[in-house]
Amino acid sequence: MKLSTLVIRSMRKNIKHYYLYFFALIFSAGLYFSFVTLQHNEAIVNLTHSSMKAEAAFRVGSILLLIIVFFFVFYANQLFLKRRSKEIGLYQMIGIPKSTISYMLTIENIILWVGATLLGILIGFFFSRFFALIFLKVIDTKREVALDFSTEALFQTLMVFAGLLIVVLLQTMWVVHRTSLLDLFKATSKAEQKMKKMNPFQLLLGIIGIGLIIYGYYLSSILFEMDKTATINELYKRMGMVLGSVIIGTFLMFRYSIAFIMNLIRMSRKGHLSLNDVLSITPIMHRMKSNALSLSIITILTALALAILSLSYISYYSVEATTDQFTPYDMSVVNNEGKDFEKALQRENIAFKTNHYELLNAQIDLNPLLEEKPGNQNNSQMDTMVIKESDAKQLIPDIHLNKNEAVMSGYSDIMKEFIPFEVGKKMILHTDHSKQDLTLVAIEKQASIDSLLTFGAPAVIIQDELFKQLQKNKAIQKNTPWTSYTGYTITNNKQMEKAISIYKKTTNDGTFKASVKKNVKNGSPETFQFTAKQESYRNALEIWGLLIFITGFLGMAFLFATGSILYFKQMTEAEEERGSFMTLRKIGFSTDEMLKGIHRKQLFSFGLPLLIGIFHSYFAVKSGWMFFGSELVVPLLITMGVYILLYSIFAILTSNYYRKIIKEIL
């Protein structure tokens, strides 16, 4: 028989094993080609509002996507080599040299990869415009996207998958040449080992594993509360401790804790195992040693993917709310320099509303407001923007102040985490050589004026009488570069673009000079530049939209990779358990009865890594979500809900494969 004939027959015989692997390669090639096509699409990379380079972001994303594809291909090929171990052993038994067997497998892989890559590129080409339209929808941009074939993307995809093919071929040759004939026949049964009674040391390791996970969760919940004066290096060390304890704890839990729990369940049965126990608990116990590492890796990577996706979506979901919170008006001017702008709006018949604020810069000691926690007692006397009550009511009408009372506005979630002020305590207002106590009666998240003017710090609202007294203070007057602030709201949103154009022309692109020379540099007075609210919103939307699109793309690739790997593993285990199913059928158990136990096993194989991964990601997100946006619950639930739904598809496919095998043995 010719070698080519043997190769063709081998591929035909293994087509039922190859079809999903072939589909996975097509999916990987198509996904990668679509992604790098977007990287070279001018309609995508030339964003008009954002200053960031989309091409650079896509380039980083393509590297991460390559890592995901490599992880998937390497692991999937390892599983398929294990599945074909008996076939390779038979080739050696009939006298075929290892070099010839490697050559046969090389030819098979080349045919498989060339076909999958070319088909994937073709599918990816047609889907690239679809992904481009999704991206433009995410950033709320209307732009024409042409279906252009990118030769750069083609060359990059071919080079990448040629490199991956070389890695797979080297892996295949290594397995064939380094494995003995006896090992090949035992490859599929190595995991099937006699369960030994757990010794006290292994039990201790299992308890330590669960303890490390709990400790990691605890550290993450107080990550930014332990010491407010900690340096960035100390913070990195704490993060490293959280990451290390969770990763080590996850492996120890899968390796020892789960086995211990399964042993307890088995012992509680006193040797009388039900059908469900035979089909679920027993296979899990026998394979836990070999599966511990892979399940740990999948769990940690699932947690990482979910955390990144959740934080990205929190940022994207919070764009509008954050913009409204810190930029309350469509356009802003300071020091009464908006007269030319108002006249131009009136000439163009653009309706608008104005909100005017008088401003003061005062020295206020905020230290007494801090919650009594270790590390909170810092020197917090600083220049603080002060607003009078009647002006603040324009945006926050519920303010009612008595004498020597104050309200803080523009108090962000990040400040709440790092500078936790307490309502009811006093702050100290410094005026020349005197001091005055002000009681903080409320904290408002909404900023009264554009937060750019206060550099993100909160403003303090005081009674009108006290404000007028401070206006007469010469030291405060000298310390106040911005004496007034005016916010403009355009009534008709359809006229917004025109109003922004007028604003830029009449205000020197939103740039203003201070009324006094404060913090003088090189003899020039202090200047400040505002950005129109709509442009700030579009900048943030493009930045976070680009991030959520790339992370979503990578998350989809990772989900498919991990789901497919678990599916391949379960396919392999199903083939190995075919004899057990035949025995159970012969003694009278029905298909539905056997599937009940199998479903419990799938719940463990798919559900447990996902469940632990969700817990890991939840505590990771909860510890630092305030850096990314203003909303937590809704984006977190949406992200995890979609991930669980898509992940469940692979569990359903696996159960259907088991059902197919059981029916085949009838």
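Position 1 is the first residue of the sequence; numbering continues from there. Both backbone and side-chain heavy atoms feed into the values below; hydrogens, waters and symmetry mates do not.
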Return each pair, listed once, that meets salt bridge (Lys or Arg N to Asp or Glu O under 4.0 Å) where at least one residue sits in [range]; pairs must be two or more places apart or across chains.
{"range": "residues 304-326", "result": "D324-K533"}
{"range": "residues 629-639", "result": "none"}
{"range": "residues 325-345", "result": "none"}

If you take all heavy atoms of [X] and [Y], which pair is closest and at what distance?
{"X": "V423", "Y": "A442", "value": "CG1-N, 4.1 Å"}
{"X": "T157", "Y": "A29", "value": "CG2-O, 4.3 Å"}
{"X": "S448", "Y": "P328", "value": "O-CG, 3.7 Å"}
{"X": "Y316", "Y": "L541", "value": "CE1-CD1, 3.6 Å"}
{"X": "W482", "Y": "L359", "value": "O-CB, 3.2 Å"}
{"X": "W544", "Y": "V319", "value": "CD1-CG2, 3.8 Å"}

> Considering residues at least two apart in sequence or located in another chain, which fulfil the side chain to side chain contact (heavy atoms under 4.5 Å, CB included) criterion with S536?
Replying inline: T531

>> Under the rule for side chain to side chain contact (heavy atoms under 4.5 Å, CB included), what residues qualify as partners of A153, not counting sequence neighbours?
In response: F33, V36, T37, H40, S150

Test your reading of the model: is there a side-chain donor-acceptor pair from [X] to the backbone of [Y], 3.5 Å cut-off?
{"X": "N335", "Y": "T483", "value": "yes"}
{"X": "S310", "Y": "A307", "value": "no"}
{"X": "N479", "Y": "A475", "value": "no"}
{"X": "S451", "Y": "F326", "value": "yes"}
{"X": "T639", "Y": "L636", "value": "no"}
{"X": "S484", "Y": "N336", "value": "yes"}
{"X": "S318", "Y": "S315", "value": "no"}
{"X": "N508", "Y": "T511", "value": "no"}
{"X": "Q477", "Y": "Q471", "value": "yes"}

> How would you list, by chain and number, every residue that makes a salt bridge (charged side-chain N to carboxylate O under 4.0 Å, His left out) with K445, sequence neighbours excluded?
Replying inline: D413

Using the test side-chain hydrogen bond (donor to acceptor under 3.5 Å, both in side chains), find all partners of [X] that sit at least two apart in sequence or belong to another chain.
{"X": "E465", "value": "none"}
{"X": "Y357", "value": "Y329"}
{"X": "D464", "value": "S390"}
{"X": "Q156", "value": "Y32"}

What's the separation between atom [atom1] in [X] and atom [atom2] in [Y], rounded to the nearest 0.5 Å?
{"X": "Y317", "Y": "S312", "atom1": "OH", "atom2": "OG", "value": "16.0 Å"}
{"X": "L31", "Y": "F560", "atom1": "CG", "atom2": "CZ", "value": "9.5 Å"}
{"X": "I68", "Y": "M556", "atom1": "CD1", "atom2": "CE", "value": "10.5 Å"}
{"X": "K388", "Y": "F467", "atom1": "NZ", "atom2": "CZ", "value": "6.0 Å"}
{"X": "I548", "Y": "F553", "atom1": "CD1", "atom2": "CZ", "value": "13.5 Å"}
{"X": "M331", "Y": "F341", "atom1": "CE", "atom2": "CZ", "value": "4.5 Å"}

In the structure I gave you, are the side-chain heavy atoms of [X] and [Y] within less than 4.5 Å of one another anywhere?
{"X": "M640", "Y": "S617", "answer": "yes"}
{"X": "M496", "Y": "I500", "answer": "yes"}
{"X": "T486", "Y": "V334", "answer": "no"}
{"X": "V386", "Y": "L429", "answer": "no"}
{"X": "L154", "Y": "I121", "answer": "yes"}
{"X": "L632", "Y": "V621", "answer": "yes"}
{"X": "T551", "Y": "Y313", "answer": "no"}
{"X": "D391", "Y": "E358", "answer": "yes"}

Show me the donor-acceptor pairs within less than 3.5 Å that the side chains of residues 396-407 make with the rest of the protein, sequence neighbours left out.
unit_1	atom_1	unit_2	atom_2	d
N404	OD1	Q436	NE2	2.7
E405	OE1	N402	N	2.8

>> Checking D365 against H430 for the side-chain contact (heavy atoms from CB on, under 4.5 Å) test, could you report, in this order, the C-alpha distance in whole Å, the side-chain angles of both residues, the deciding distance, and whether it holds?
In response: CA-CA 8 Å; D365 185 1; H430 293 260; 3.7 Å; yes

> Within a radius of less than 6.0 Å around NZ of K393, do more than 12 heavy atoms belonging to other residues, nucleotides or ligands occur?
Replying inline: yes

> Between I449 and I387, does a side-chain contact (heavy atoms from CB on, under 4.5 Å) hold up when you go through it step by step?
Replying inline: CA-CA 9 Å; I449 59 177; I387 305 169; 4.1 Å; yes

> How far apart are the C-alpha atoms of L470 and I462, what are their side-chain angles, what is the distance that settles it, and do they pass the side-chain contact (heavy atoms from CB on, under 4.5 Å) test?
Replying inline: CA-CA 11 Å; L470 297 179; I462 61 175; 3.7 Å; yes

>> Walk me through whether E535 and R538 qualify under salt bridge (charged side-chain N to carboxylate O under 4.0 Å, His left out).
In response: CA-CA 5 Å; E535 291 194 339; R538 291 216 52 81; over 6 Å; no

> For the ring pair Y503 and F530, is the centre-to-centre distance below 6.0 Å?
Replying inline: no

>> Pair M385, V460 - check side-chain contact (heavy atoms from CB on, under 4.5 Å), show working.
In response: CA-CA 6 Å; M385 193 72 73; V460 173; over 6 Å; no

>> Let's go through F549 and F131 carefully: what are the C-alpha distance in whole Å and the side-chain angles of both, what is the deciding distance for ring-ring contact (aromatic ring centres under 6.0 Å, His included) to 0.1 Å, and is it a yes or a no?
In response: CA-CA 9 Å; F549 178 80; F131 288 126; 7.0 Å; no

Please set out all donor-acceptor pairs under 3.5 angstrom arising from side-chain atoms of residues 346-355, sequence neighbours excluded.
unit_1	atom_1	unit_2	atom_2	d
E348	OE1	K498	NZ	2.8
N355	ND2	Q394	OE1	3.4

